[in-house]
Number of protein chains: 2
Amino acid sequence: MKVFPNIKVAVDAVVFGYKAKELSVLLIKRGVQPYKDSWALPGGLVLENESLEQAVERELQEETGVTIDYLEQLYSFGKPGRDPRNRVISITYFGLVSPNHFKLQADTDAADVKWFSINELPDLAFDHDKILNMAKSRLQSKLTYQPIGFELLNTEFPFSDLEHLYQTILNQKIDRRNFRKKILSFEILTETDKIYKPESGRPAKLFRFNQQKYKELQENGFHFEIKFA
Amino acid sequence: MKVFPNIKVAVDAVVFGYKAKELSVLLIKRGVQPYKDSWALPGGLVLENESLEQAVERELQEETGVTIDYLEQLYSFGKPGRDPRNRVISITYFGLVSPNHFKLQADTDAADVKWFSINELPDLAFDHDKILNMAKSRLQSKLTYQPIGFELLNTEFPFSDLEHLYQTILNQKIDRRNFRKKILSFEILTETDKIYKPESGRPAKLFRFNQQKYKELQENGFHFEIKFA
DNA sequence: ACAAAAGTGTTCGGGTTACACCCATGG
DNA sequence: CCATGGGTGTAACCCGAACACTTTTGT
């Protein structure tokens, strides 16, 4: 006879932000057992009448106050024993947040909330390090074949922001001239008439990602792709 | 106060097979309500102490008798109402089966099991058509950047099998010369000294996918990729 | 000898890569 | 005038795309 299953369903989110040429991840400090006082990904149990996406957005709102700009499903983790108490299946999501929505506020279950640089991560609860690594890989590969980098920038940005973002996340140097040529050739950027004044150096034009145009191109078989050595 | 959730966790699998220049999907006829007598993806509830992968393999074994050659997670579906009775989250998998393992046997919950050509699908239970479509897209795109086509062929195969497989699944003509050149240049195929005799026409050498070699190349930064017009 | 599928090379063009100097601004 | 980052063009090379005839076997 089969054992009657009592499995719980949770969602967890790996949310990335980019600021000051650093890639950061949103973590909460757990206020309850198990792993009390450990850092963990925001998330929690799915309620009876909400979709998985709603659950993620609700938990993010409750635990961190962050508004998400881009969200997609990452992977589902369900190995017995990944939660020391019950059997919990976690459906994980991958999110991006623009610098505007970078503000934080701890709330309900979370004792504390913080952005951590990807290079200075604390130990994480459960199997969250595994989830985080998977999310990072996904971000890196996705960056090369979908224009999602813009979700991590302000609506209007100098070209160099994009350049630095790619270099930071992919962790390699790229040729400025070729990169600019390539991206501009896609014609998915609109040049605004605004000017950005850096702390030092020559002012730069501001660009804006043209979602509309991208969709049109995409429907005509266009495929965003950036390659690197 | 939050509603105490009673959510069930299931797995479902979209299993592809390739035979006689046709792409097929493994379906079962449901023997129980809801959707009794409808065709559906093989799958079922996850038991208390098995992993998700184990659950998929067990269900496939129970319901179809098929042995799977390649399995990966596809996506998780959890919208309330997708199952008319309870709230069920389904973690879906994507599987490939070589022609050797093409035999079938109905069993437990399944009244009947059958391979359906991808072009002659019946109506499916639940949201299984959506799942199937997603799996098909995944197969198509994955074929272009990972050497998974081999999982659908015999261990030793004439080159033209691979060619036909790509044409069938991607639904487009490809140039034989360029395709062969490209694949051979990867050096992930081993030429055997066996010969395949087609029903008519000139005999062909048999090749074998060299998993070992592929892994080595991959570790050295090699990236399998096939592009099409 | 005919039908059917296997096997094979070359040319052309476009895109990617490599590479360095001048410009605008603030201090 | 100096430091800092923004903005720009060209030549070489490589890879992908297009393209057709010969070979081997069975009937």
Asks: Starting at CZ of B:Arg177 and ending at P of C:dA6, how long is that distance when rounded to a whole Å?
Replies: 14 Å
Asks: Would a line drawn from the ring center of A:Phe157 to the ring center of A:Phe209 be shorter than 6.0 Å?
Replies: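 Between A:Phe209 and A:Phe157, which both carry aromatic rings, the centre distance is not below 6.0 Å.
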Asks: Could you list, one pair per line, each protein nitrogen or oxygen that sits under 3.5 Å from a nitrogen or oxygen of nucleotides 10-13 of chain D, together with the distance?
Replies:
unit_1 : atom_1 : unit_2   : atom_2 : d
D:dT10 : O4     : A:Lys181 : NZ     : 2.8

Asks: Can you name the side-chain hydrogen bond (donor to acceptor under 3.5 Å, both in side chains) partners of B:Lys215, sequence neighbours left out?
Replies: none
Asks: Going by the rule side-chain contact (heavy atoms from CB on, under 4.5 Å), which residues pair with B:Lys79 if we only count those two or more places apart in sequence or in a different chain?
Replies: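 By the side-chain contact (heavy atoms from CB on, under 4.5 Å) rule, B:Lys79 matches B:Lys130.
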Asks: May I have the list of side-chain donor-acceptor pairs in residues 179-190 of chain A shorter than 3.5 Å, sequence neighbours left out?
Replies:
unit_1   : atom_1 : unit_2   : atom_2 : d
A:Lys181 : NZ     : A:Asn178 : OD1    : 3.3
A:Lys182 : NZ     : A:Glu225 : O      : 3.3
A:Ser185 : OG     : A:Lys182 : O      : 2.6
A:Thr190 : OG1    : A:Asn210 : ND2    : 3.3

Asks: Give the rounded distance in Å between these two atoms: NZ of A:Lys182 and P of D:dG9.
Replies: 19 Å
Asks: May I ask you to list the residues of residues 139-157 of chain B, by number, that have any heavy atom positioned under 4.0 Å from an atom of DNA chain C?
Replies: none
Asks: Could you state the OH-C1' distance from B:Tyr196 to C:dA4, rounded to the nearest angstrom?
Replies: 12 Å
Asks: Which residues pass the side-chain contact (heavy atoms from CB on, under 4.5 Å) test with B:Ser117, sequence neighbours left out?
Replies: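 For B:Ser117 the side-chain contact (heavy atoms from CB on, under 4.5 Å) partners, ignoring immediate neighbours, are B:Glu22, B:Asn119, B:Glu120.
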Asks: Could you list, one pair per line, each protein nitrogen or oxygen that sits under 3.5 Å from a nitrogen or oxygen of nucleotides 23-26 of chain C, together with the distance?
Replies:
unit_1 : atom_1 : unit_2   : atom_2 : d
C:dC23 : O2     : A:Arg202 : NH1    : 3.1
C:dA24 : O4'    : A:Arg202 : NE     : 3.4

Asks: Name the atoms and distances for all side-chain donor-acceptor pairs under 3.5 Å in residues 195-204 of chain B, with sequence neighbours left out.
Replies:
none

Asks: Test of understanding: with side-chain hydrogen bond (donor to acceptor under 3.5 Å, both in side chains), list the residues that count as partners of A:Gln146, not counting sequence neighbours.
Replies: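 So A:Gln146 forms no side-chain hydrogen bond (donor to acceptor under 3.5 Å, both in side chains) with any residue.
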Asks: Could you list the donor-acceptor pairs under 3.5 angstrom formed by side chains in residues 134-141 of chain A, with sequence neighbours left out?
Replies:
unit_1   : atom_1 : unit_2   : atom_2 : d
A:Ser137 : OG     : A:Asn133 : O      : 3.1
A:Arg138 : NE     : A:Glu72  : OE2    : 3.0
A:Arg138 : NH1    : A:Leu74  : O      : 3.4
A:Arg138 : NH2    : A:Glu72  : OE2    : 3.4
A:Arg138 : NH2    : A:Gln73  : O      : 2.7
A:Gln140 : NE2    : A:Ile169 : O      : 3.0
A:Ser141 : OG     : A:Ser137 : O      : 3.3
A:Ser141 : OG     : A:Arg138 : O      : 3.4

Asks: What's the verdict on side chain to side chain donor-acceptor pair (under 3.5 Å) for B:Tyr166 and B:Gln172, showing C-alpha distance, side-chain angles and the deciding distance?
Replies: CA-CA 8 Å; B:Tyr166 270 81; B:Gln172 58 185 317; over 6 Å; no
Asks: May I have the distance from A:Ile195 (atom CD1) to D:dG7 (atom C1'), rounded to whole angstrom?
Replies: 12 Å
Asks: When the distance from CD of A:Glu191 to C1' of D:dG6 is rounded to whole Å, what number comes out?
Replies: 13 Å
Asks: Nearest whole Å is fine: how far is D:dG7 P from A:Leu162 CG?
Replies: 13 Å
Asks: Just compare C:dA6, C:dA20, D:dA20 and give me whichever is closest to any side-chain atom of A:Arg176.
Replies: C:dA20
Asks: Test of understanding: with side-chain contact (heavy atoms from CB on, under 4.5 Å), list the residues that count as partners of B:Lys173, not counting sequence neighbours.
Replies: B:Gln167
Asks: For A:Glu163 and D:dT4, what is the distance between atoms CD and P respectively, to the nearest whole Å?
Replies: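 In whole Å, D:dT4 P and A:Glu163 CD are 17 Å from each other.
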Asks: At less than 4.0 Å, is any side-chain N or O atom of A:Arg180 found next to OP1 or OP2 of D:dT8? Yes or no.
Replies: yes
Asks: Measure the distance from CG on B:Asp175 to P on D:dA20 and round it to the nearest whole Å.
Replies: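 My rounded result for the distance is 10 Å.
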Asks: Can you sort out the partners of B:Arg177 under side-chain contact (heavy atoms from CB on, under 4.5 Å), two or more places apart, ordered by chain and number?
Replies: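 With neighbours one apart ignored, the set is B:Asp175.
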